Amino acid sequence: MTNPLYNTLFGAHTGSDRTFLHLPDGATVTYAAFLARAARFAHALTGLGLTAGDRVAVQIDKSADALAVYAACAQTGLVFLPLNTAYTPAEVDYFVGNAGAGLVLATPNKGAALAEVAAKNGAQLQTLGDDGTGTLCDLAEGQPATYPTVPRTHGDLAAILYTSGTTGRSKGAMLSQKNLLSNARVLADHWRFTDTDVLLHALPIFHTHGLFVASNVTLLAGGAMIFLPKLDVDALIGWMPKATTMMGVPTFYTRLLDDPRLTPDLTAHMRLFISGSAPLLAETHRDFTARTGHRILERYGMTETNMNTSNPYDGDRRPGTVGQPLPGVELRICDSAGNPVQPGDIGTIEVRGDNVFLGYWQMPEKTAEDLRPNGFFITGDLATQSDDGYVTIVGRGKDLIIAGGYNIYPKEVEEALDAQPGVLESAVVGVPHPDLGEGVVGVIVAQPGQNPDLDVITAALGQTLARFKQPRRLVVVDALPRNTMGKVQKAELRKTYGDSFT
Ligand code: MCA
Ligand code: AMP
């Protein structure tokens with residue numbers, strides 16, 4: 001089949017007057033209208049001189065149009081490169097430059113800020129608002145409602161998603177058509193998605209969870225999505241009686257549990273609640289069941305691999321576990337040399353299958369570090385596996401903080417802190433946070449005789465780091481705890497500042 005991704009997810013719905021999107025104002029978008037909009041964007045994008053394989057960096061607000069740009073990229077063979085809307089221009093600059101993007105697509109209010117970034121990197125700039133405005137909309141105006149789909153194969157690159165590294169800068173995970181399509185098929189089947197499903201969608205669409213897991217699965221099944229701009233508990237509760245399924249990070253569930261309106265009646269129309277991107281506390285799982293009668297289905301994945309494991313649809317959804325390997329995903333728990341550990345022992349999760357990415361964009365040495373020659377990808381997640389295959393994640397080998405489902409690499413924050421006036425060195429740790437799972441604490445050592453101004457530092461970080469990465473607590477200490485090898489003892493810091501947010 002030519003262009004399997006476009007034809008399967010989008011083209012299969014050509015001419016369909018079924019509802020694809022329910023928008024916050026109550027308006028609906030049919031599949032046919034969505035595909036016509038995507039085709040017009042396809043004309044607009046290729047009219048700019050972009051051709052298959054070119055990278056399109058998008059930092060735009062969630063909307064039906066934003067998703068139509070994703071469809072347009074699939075139809076034209078352009079490589080979709082979504083970026084967190086919280087990133088500062090300094091952060092976007094790196095992604096655009098590293099990917100060699102041909103186009104930067106910004107929200108109209110950020111157009112000016114990103115114009116410089118685009119120009120510096122030799123990329124074009126267009127804008128797209130969440131209200132049907134922007135220069136790309138102007139270009140799409142009056143274009144034909146169909147576009148001749150550009151042939152692509154399973155192995156062709158469909159998207160690049162940047163994921164932070166433990167050392168150095170972010171790496172662009174290259175995802176092929178096969179990676180995305182195989183995982184969508186497995187998930188739609190495993191979670192029994194059909195064209196009668198209506199997914200409550202309040203996740204961002206610049207990450208795997210909201211874009212590939214939620215949207216691709218819905219598209220494959222021909223279902224509908226209630227497409228909300230962000231998590232707003234009032235909106236979730238208002239729309240829930242019209243939905244059949246919801247996907248969220250654990251914060252979705254803890255916030256719902258905080259609301260007395262969460263009852264069996266409210267959720268009576270729902271058939272499935274799915275959680276992922278960060279650990280769901282077993283307590284949250286149990287509380288949700290007690291309040292609603294629904295057992296949340298937890299699954300586990302990564303940007304590089306899409307989804308790897310899932311609790312079962314039928315059968316035991318075990319709190320505190322991420323379930324069993326999905327069909328087609330080989331999973332093993334290994335020591336650092338790549339040898340499987342004894343059953344029940346802790347090791348690193350390694351996975352292999354059609355879901356596993358092609359490698360990191362133009363970083364062969366980083367790819368070789370994480371992807372074994374035999375095809376197994378080293379996830380860096382520490383886990384055990386039960387006799388009946390259930391995986392329990394017990395920690396992360398990588399120095400990663402996950403706040404509200406967003407990944408934060410301490411090193412990046414430490415470098416930003418170290419660059420501030422009066423700072424000698426710093427250490428950044430994640431500690432328990434009741435709403436976000438983990439919250440960021442920055443521990444600073446002053447240069448001799450200096451007294452760093454924490455307000456000035458906080459303001460300065462705002463210029464370079466996305467807000468979600470910035471420490472919610474900053475403290476100054478005389479010295480960082482170190483072991484005899486001189487290594488900073490982060491476990492000790494996590495203990496000392498463990499109750500910062502609780
Ligand atoms: C917002 N803020 C955050 C976060 N989100 N701080 C830390 N961590 C966060 N995740 C900050 C804002 O900058 C702001 O700061 C304040 O919190 C409130 O902002 P607001 O926009 O109102 O936040 P929110 O709407 O309450 O958002 C929290 C959220 C959201 C619902 C948890 O971050 C979210 O939707 N997260 C989902 C992320 C996701 O999709 N992850 C999937 C990655 P201030 O007011 O102080 O200036 S894909 C993945 O991980 C893999 C592959 C997988 O398995 O799925
Ligand atoms: P990302 O780099 O955004 O792709 O995030 C992937 C990481 O999120 C994984 O390596 C895990 O550490 C974490 N993750 C995803 N789902 C789960 C889950 N259900 N439980 C625990 N951690 C998870």
Side-chain angles (χ1 to χ4, degrees), residues 61-62 82 84-88 161-166 170-171 173 175 183 187 201-215 228-233 235-236 247-256 274-282 284-285 296-311 319-323 348-351 355 357 370 377-383 391-409 413 430 433 435-440 458 461-462 465-473 501:
D61 291 330
K62 183 176 173 184
N84 192 321
T85 48
Y87 289 151
T88 62
L161 265 64
Y162 275 82
T163 161
S164 302
T166 33
S170 290
K171 303 166 284 186
L175 295 153
N183 212 236
L187 297 177
H201 190 308
L203 288 160
I205 54 167
F206 44 71
H207 276 314
T208 296
H209 197 162
L211 184 64
F212 301 141
V213 184
S215 305
L228 305 177
K230 59 180 287 201
L231 172 56
D232 167 348
V233 170
L236 279 194
M247 295 184 192
V249 298
T251 303
F252 280 46
Y253 294 100
T254 52
R255 287 198 191 166
L256 277 171
I274 300 176
S275 177
S277 307
L280 181 78
L281 294 178
T284 308
H285 192 288
I296 299 172
L297 182 155
E298 184 171 8
R299 61 41 172 198
Y300 153 73
M302 283 184 81
T303 301
E304 290 92 333
T305 63
N306 295 294
M307 298 304 102
N308 295 313
T309 70
S310 171
N311 272 280
T321 81
V322 295
T348 301
I349 300 175
E350 297 192 3
V351 291
N355 56 314
F357 75 143
D370 293 345
F377 175 70
I378 307 165
T379 64
D381 291 309
L382 303 175
V391 174
T392 302
I393 297 179
V394 297
R396 299 175 203 129
K398 51 201 177 189
D399 200 8
L400 167 71
I401 299 168
I402 305 185
Y406 287 152
N407 290 3
I408 300 158
Y409 275 91
V413 186
H433 189 288
D435 180 42
L436 298 169
E438 287 185 289
V440 181
T458 303
L461 290 188
L465 284 184
R467 176 75 185 100
F468 70 88
K469 298 178 190 168
Q470 297 167 29
R472 288 180 173 237
R473 182 177 178 201
F501 308 113

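Since this is a predicted model, take the numbers as computed values, not measurements. Counting starts at 1 for both ligands and their atoms, following the listed order. Just so you know, these numbers use all the heavy atoms, side chains as well, and skip hydrogens, waters and symmetry mates.
- Looking at atom 2 (O) of ligand 2, its nearest protein heavy atom turns out to be N407 ND2, 2.5 Å.
- Not a single heavy atom of G210 sits under 4.0 Å from any atom of ligand 1.
- Interface atoms of ligand 2 facing V322, defined by a heavy-atom separation under 4.0 Å, are 18 (C), 19 (N), 20 (N).
- Within the listing of ligand 1, atoms 54 (O) sit less than 4.0 angstrom from a heavy atom of G301.
- Contact annotation for K230 and ligand 1: only side-chain heavy atoms (C-beta onward) come within less than 4.0 Å of the ligand.
- For the pair P204 and ligand 1, the shortest N or O to N or O distance does not fall below 3.5 Å.
- From the protein, the heavy atom lying nearest to atom 7 (C) of ligand 2 is G301 O, 4.0 Å.
- Taking 4.0 Å as the cut-off, R472 counts as a neighbour of ligand 1 on heavy-atom distance.
- Of the N or O atoms in E298, one or more lie within a sub-3.5 Å distance of an N or O in ligand 2.
- Nearest non-hydrogen protein atom to atom 12 (O) of ligand 2 is D381 OD1, 2.6 Å.
- In terms of protein heavy-atom proximity, atom 5 (N) of ligand 1 is closest to Y406 CE1, 3.9 Å.
- Using a 4.0 Å threshold on non-hydrogen atoms, atom 7 (C) of ligand 1 counts as touching the protein.
- Take F357 and apply the ring-ring contact (aromatic ring centres under 6.0 Å, His included) test, not counting sequence neighbours, and it matches Y360, F377.
- In R255, the part holding a heavy atom less than 4.0 Å from any atom of ligand 1 is the side chain.
- There is a protein heavy atom less than 4.0 angstrom from atom 25 (O) of ligand 1.
- For the ligand labelled ligand 2, residue H207 lies outside the 4.0 Å heavy-atom shell.
- In this structure, S215 contributes its side chain and G210 its backbone to a donor-acceptor pair below 3.5 Å.
- For atom 1 (C) of ligand 1, no protein heavy-atom neighbour is found at a distance under 4.0 Å.
- Considering both main-chain and side-chain atoms, T303 comes within under 3.5 Å of ligand 2 through a nitrogen or oxygen pair.
- An N or O contact shorter than 3.5 Å links S277 to ligand 1 by distance.
- Taking a distance limit of 4.0 Å, we find that atom 18 (C) of ligand 1 is approached by no protein heavy atom.
- Atoms of ligand 1 found under 4.0 Å from any heavy atom of L203, numbered from 1 in the order shown, are 40 (O).
- Residue contacts with ligand 1 do not include K469, since none of its heavy atoms lies under 4.0 Å from the ligand.
- Here the heavy atom of the protein found nearest to atom 16 (N) of ligand 2 is S277 N, 3.1 Å.
- Looking only at protein heavy atoms, the nearest one to atom 17 (C) of ligand 2 is A278 N, 3.7 Å.
- Atom numbering of ligand 2 starts at 1 in the shown order; those under 4.0 Å from a heavy atom of T163 are 2 (O).
- Within ligand 2, the atoms closer than 4.0 Å to a non-hydrogen atom of M302 are 4 (O), 6 (C), 9 (C), 10 (O), numbered from 1 in the order shown.
- Not a single heavy atom of T208 sits under 4.0 Å from any atom of ligand 2.
- Scanning the protein for heavy atoms near atom 32 (C) of ligand 1, the closest one is G404 O, 3.5 Å.
- At a 4.0 Å heavy-atom cut-off, ligand 2 touches I402 through the side chain alone.
- Of the candidates Q470, R299, H207, the one placing a heavy atom closest to atom 54 (O) of ligand 1 is R299.
- The N/O atoms of S275, backbone and side chain alike, include none that comes under 3.5 Å of an N/O atom in ligand 2.
- If you look at M302 next to ligand 1, the close heavy atoms, those under 4.0 Å, all belong to the backbone.
- In terms of polar-atom proximity, defined here as any N/O pair under 3.5 Å, Y300 makes no such contact with ligand 2.
- Of all protein heavy atoms, the one closest to atom 31 (C) of ligand 1 is L231 CD2, 3.5 Å.
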